[in-house]
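Just so it is clear, the values below take in all heavy atoms, side chains as well, and ignore hydrogens, waters and symmetry mates. By convention in this document, chain letters (A, B, ...) are assigned in the order of the sequence lines, proteins followed by strands, and residues within each chain are numbered from 1.
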2 protein chains.
Amino acid sequence: MATPDSRTLILDAAERLFAERGFARTTIKEIGRAAGVNSALLYYYFADKDRLYRAVLQRLVGRLVARTTRRLEATGTPQARLQAFVEAQAEVLIANPNLPRLIVRELAESDAVHAVEQIQHIAATSFRLLCDLVREGQQAGAFRKGVDPRFAAISIVAQVAYFFVARPAIRVILDAAPDGPAPPVVRAYARHAAGFALAALAVPPTGPSAPRSRRKT
Amino acid sequence: MATPDSRTLILDAAERLFAERGFARTTIKEIGRAAGVNSALLYYYFADKDRLYRAVLQRLVGRLVARTTRRLEATGTPQARLQAFVEAQAEVLIANPNLPRLIVRELAESDAVHAVEQIQHIAATSFRLLCDLVREGQQAGAFRKGVDPRFAAISIVAQVAYFFVARPAIRVILDAAPDGPAPPVVRAYARHAAGFALAALAVPPTGPSAPRSRRKT
DNA sequence: GTCTATAGGTGGATAGAC
DNA sequence: GTCTATCCACCTATAGAC
């Protein structure tokens, strides 16, 4: 608890408000009020509204990447690592509910106004590790070939990411509470998503009569 | 080309700008300029900026739902219908590149500021049809049981939706042009996504003494 | 239907006291 | 470090001529 300093109070309040209302609809004065400090103080810690926003994004994205890449680099079968990745992704998003909303807002911008380059770069890092995992799994015979590893990686990430992004719609489908499905439901979905991906990538049993004569591409 | 009327010119310009920059960052004057009319004229056709935005959303969402539900209601095997749905989803998003950006922005809002209820409702309509399709497929023995149909529907929609939403990140993964992957790549991905879902839902061969292996198309 | 001109309000940012 | 007070730019929306 030890007295969070004003800078942290401001970052916390800004994170919440930016996630809820977006950058433009959030005013400096609102952030100051929510943080319990005077709005002029924001300019003591941050050069302007834009840099405050960047600082918020940086803090959040750092957490995400640290947690998910750690799982990907762990040892184990490709299947186990893939499952761990999907579940880690869900845990990070459960723990930081503001993250998906903010990232999605950034992704929706076509011009690189704010921190898109940063997100692109980091997304690429985490993403590429996942691509490699799929590729390695294919070479090791754990995943079926004939699936583009990049496409597979997109499919895998998409399942969980979309679940959080489309929360208002998901809520309707699952008859969940106003603020979205409870963590146990989210975890159940994450397990489903991992299973869905593993089933999609599973090596098909070679038919009893014509196993090896057919060779696909 | 028969002289698009001012109202349509305004809607077109507004759609593009809202999608590119978001609601708040787009000014009435910019829209007027882009439409080639005076900004005061917007208030002749629309009560205020908010209602203009709603009109833009309505036009777009209408197209999306019309196209995708039509595919779901078509006849055929569950597998064929699912595939048609996924590819139709991709086609609509290719044809209306502004749609995913706008919808995503709406979904990111936590308070129902603009047209979230509408999107929720329509998403639920389209979504529920997909749930039903999966459920029917399971009962007919075409899809494996033990997968929650609602979860499966989310996984299916997520793959294509996320592809468009996360365009800036996808671009990096696929080494695509600045304005995203070309339509042929998108279609290839859509086929992958359909295949990924069908493989994930395929009925596993029952045990070693089972009927001969199934080959999906 | 379309324009000019402008009122009215809000928000980001700064100056400077304490 | 934190606050009060305020400036200035900009944007929505309206009044009213043509």
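Comparing the start and finish of the helix from C:dG1-D:dC18 to C:dC18-D:dG1, five pairs each, the helix axis swings through 0°, to the nearest 10 degrees.
At a threshold of 4.0 angstrom between heavy atoms, the contacts of B:Tyr45 are confined to the sugar-phosphate backbone, with no base atom among them.
Atom CZ in B:Phe23 sits 10.0 Å away from atom CG in B:Leu57 (nearest 0.5 Å).
Atom pair A:Arg51:CZ and C:dG12:C1' shows a separation of 15 Å (rounding to whole Å applied).
With sequence neighbours excluded, no residue satisfies salt bridge (charged side-chain N to carboxylate O under 4.0 Å, His left out) with B:Glu87. Not counting sequence neighbours, the partners of A:Glu91 by the salt bridge (charged side-chain N to carboxylate O under 4.0 Å, His left out) test are A:Arg187. With sequence neighbours excluded, the residues forming a salt bridge (charged side-chain N to carboxylate O under 4.0 Å, His left out) with A:Arg135 are A:Asp132, listed by chain and number.
Applying the 6.0 Å contact sphere to CZ of B:Arg144 captures more than 12 heavy atoms from other residues, nucleotides or ligands.
Shown for residues 31-44 of chain A: residues whose heavy atoms fall under 4.0 angstrom of DNA chain D, namely A:Val37, A:Asn38, A:Ala40, A:Leu41, A:Tyr44.
Salt bridge A:Arg7/A:Asp5: absent, no basic N to carboxylate O contact under 4.0 Å. A:Arg101 and A:Glu15 are not joined by a salt bridge, as no carboxylate oxygen comes within less than 4.0 angstrom of a charged side-chain nitrogen. Between A:Arg16 and A:Asp12 there is no salt bridge, since no side-chain N of the basic residue sits under 4.0 Å from a carboxylate O of the acidic one.
With hydrogens and angles ignored, the 3.5 Å screen pairs a side-chain donor or acceptor of B:Gln138 with a backbone N or O of B:Val147.
A nucleotide of DNA chain D counts as in contact with chain B when one of its atoms lies under 4.0 Å from a heavy atom; the first and last such, 5' to 3', are D:dC11 to D:dT14.
Map B:Arg7 and A:Asp48 each onto its nearest nucleotide of DNA chain C; the residue landing nearer the 5' end is B:Arg7.
In summary, the aromatic rings of B:Tyr189 and B:Phe163 are positioned with their centroids under 6.0 Å apart.
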